[in-house]
Protein chains: 2
Amino acid sequence: MWLNNREWSAWLHLLATFTLLPAALDSQLQREAGMSHFEFGVMAALSRQPGRRLQLKDLAVVANGSLSRLSHVVSRLERQGWVRRVSGARGRATNAELTDKGYKKLMEVGPIHFAEVRRLVFDVLTPEDVKELRRVTSRLNAGLIPETNLGPLARRTRASALRRSS
Amino acid sequence: MWLNNREWSAWLHLLATFTLLPAALDSQLQREAGMSHFEFGVMAALSRQPGRRLQLKDLAVVANGSLSRLSHVVSRLERQGWVRRVSGARGRATNAELTDKGYKKLMEVGPIHFAEVRRLVFDVLTPEDVKELRRVTSRLNAGLIPETNLGPLARRTRASALRRSS
DNA sequence: CGGAATAAGTTGACGTTTCAACCTATTCAG
DNA sequence: CTGAATAGGTTGAAACGTCAACTTATTCCG
């Protein structure tokens, strides 16, 4: 219906993967750790930052989510005592910081989760496959990353261009 | 944290792809056609069936969704007049059938949607990439497809085995 | 044949995501 | 310096997905 056969077949497979895989991971984390895959991702991202903290807008980029979503998620994680909000020294910035309790939880959940990732992904693929997967997804992402990554200058330019043209 | 470097990098990219890509497609379809990507998938699947109808349980497999989700979605699509429920000749089976209105809508939306798919996916990749993508996702799916696909015999056997062992 | 187990579907409640509206600190242009 | 625009964030409502409970038809087994 506007894709050739080769593309159509690839598309069906890709579709199935990105429907089934997140569902599988979400479901396992939910059952065995009481958190969503997204929440896990946020906490894992925080754990790798100096001071285990990050400003929400940056967290949004790292976790591939909207600012609104991040705000909600951080609220939930705060309720669990795994994360705490720390208003940044300057301006309206808000930082999310992983608490000790959160860090402990993460250390506990990590192995469980990654065992599942290994089972579902890396055990199934050869090292070759992994290399290809990395290469191809990396290409796809380049086209998917929103204009955020044009850098401040390009963004500013683009913004005024839009303004002028309206 | 339990993945080696190569795997970790691949994992981050894969994660970003299957977060960003569905989000992008969903958002475009929602804006320009007032339907979700999943709904589109369901209607597209129906359109390829003889009589443009399919039993819900089969639709669930084709669309990679739970039966419950399908039931809800079909209700929504029914409200739009794009799909109608037809109780199967035999038994408790329920079929979903694409209406003419639904077909028309689909024909209208299809090109718009696939243009976006092309833009985000196939324009970015070489034919080589597409081949690899198909190959790797197909492998992943093999491990992801739930036990549904063991086939009726294996399923029955497995079921009684479980029963006996409890 | 008769009851237990199972398959197919529906439903309602609950939690999550998205979207739009909003707020307020900061920056920029004139 | 002042007002407009923008960046960062929050919030509430509506839409959506998941889960568990439930219903009814069918099949299996003794």
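Since we're looking at a predicted model, the values are computed, not measured. Quick note on labels: first sequence line is chain A, next is B, and so on, each numbered from 1.
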Presence of Gln30(A) side-chain N/O under 4.0 Å of dT16(C) phosphate oxygens OP1/OP2: no
Side chain Thr99(B), main chain Trp82(B), donor-acceptor under 3.5 Å: yes
Please tell me if Arg85(A) has a side-chain N or O lying less than 4.0 Å from either OP1 or OP2 of dT10(D). yes
Quick one: on DNA chain D, does Ser27(A) or Leu56(A) contact a more 5' nucleotide (nearest heavy atom)? Leu56(A)
Does atom CG of Asp123(A) have more than 12 heavy-atom neighbours, drawn from other residues, nucleotides or ligands, at distances under 6.0 Å? yes
Near Asn4(A) CG, under 6.0 Å, is it more than 12 heavy atoms from other residues, nucleotides or ligands? yes
Just N and O in the side chain of Ser71(B): are any of them under 4.0 Å from OP1 or OP2 of dT10(C)? yes
Please give, in whole Å, the distance from dT18(C) C1' to Arg31(B) CZ? 13 Å
Output the rounded distance in Å from CG (Asp26(A)) to C1' (dC19(D)). 13 Å
Where each residue is assigned the nucleotide of DNA chain C containing its nearest heavy atom, which of Arg69(A) and Thr94(B) is assigned the position nearer the 5′ end? Thr94(B)
Between Ser75(B) and Arg85(B), what is the shortest heavy-atom contact and its length? OG-NH1, 3.3 Å
In Å, rounded to the nearest 0.5 Å, how long is the span from OG of Ser47(B) to CG of Leu106(B)? 5.0 Å
Between P on dT10(C) and CZ on Arg79(B), what's the gap in Å once rounded to a whole number? 13 Å
Distance only, no hydrogens: is a donor on one side chain within 3.5 Å (strictly under) of an acceptor on the other, for Arg139(A) and Thr17(B)? no
Mark yes or no for a side-chain to base donor-acceptor pair under 3.5 Å between His72(B) and dG12(C), with no hydrogen or angle criteria applied. yes
When pairs are called at under 3.5 Å and a stem needs at least three consecutive Watson-Crick or G-U pairs, the stems of DNA chain C are C:1-30 with D:1-30
Base dT11(D) paired with Ser68(A) side chain (donor-acceptor, <3.5 Å): yes
Do the side-chain N or O atoms of Arg76(B) get closer than 4.0 angstrom to the phosphate oxygens (OP1, OP2) of dG17(D)? yes
May I ask you to decide if the ring planes of Phe18(A) and His37(B) are parallel, tilted or perpendicular, using 30° and 60° as cut-offs? tilted
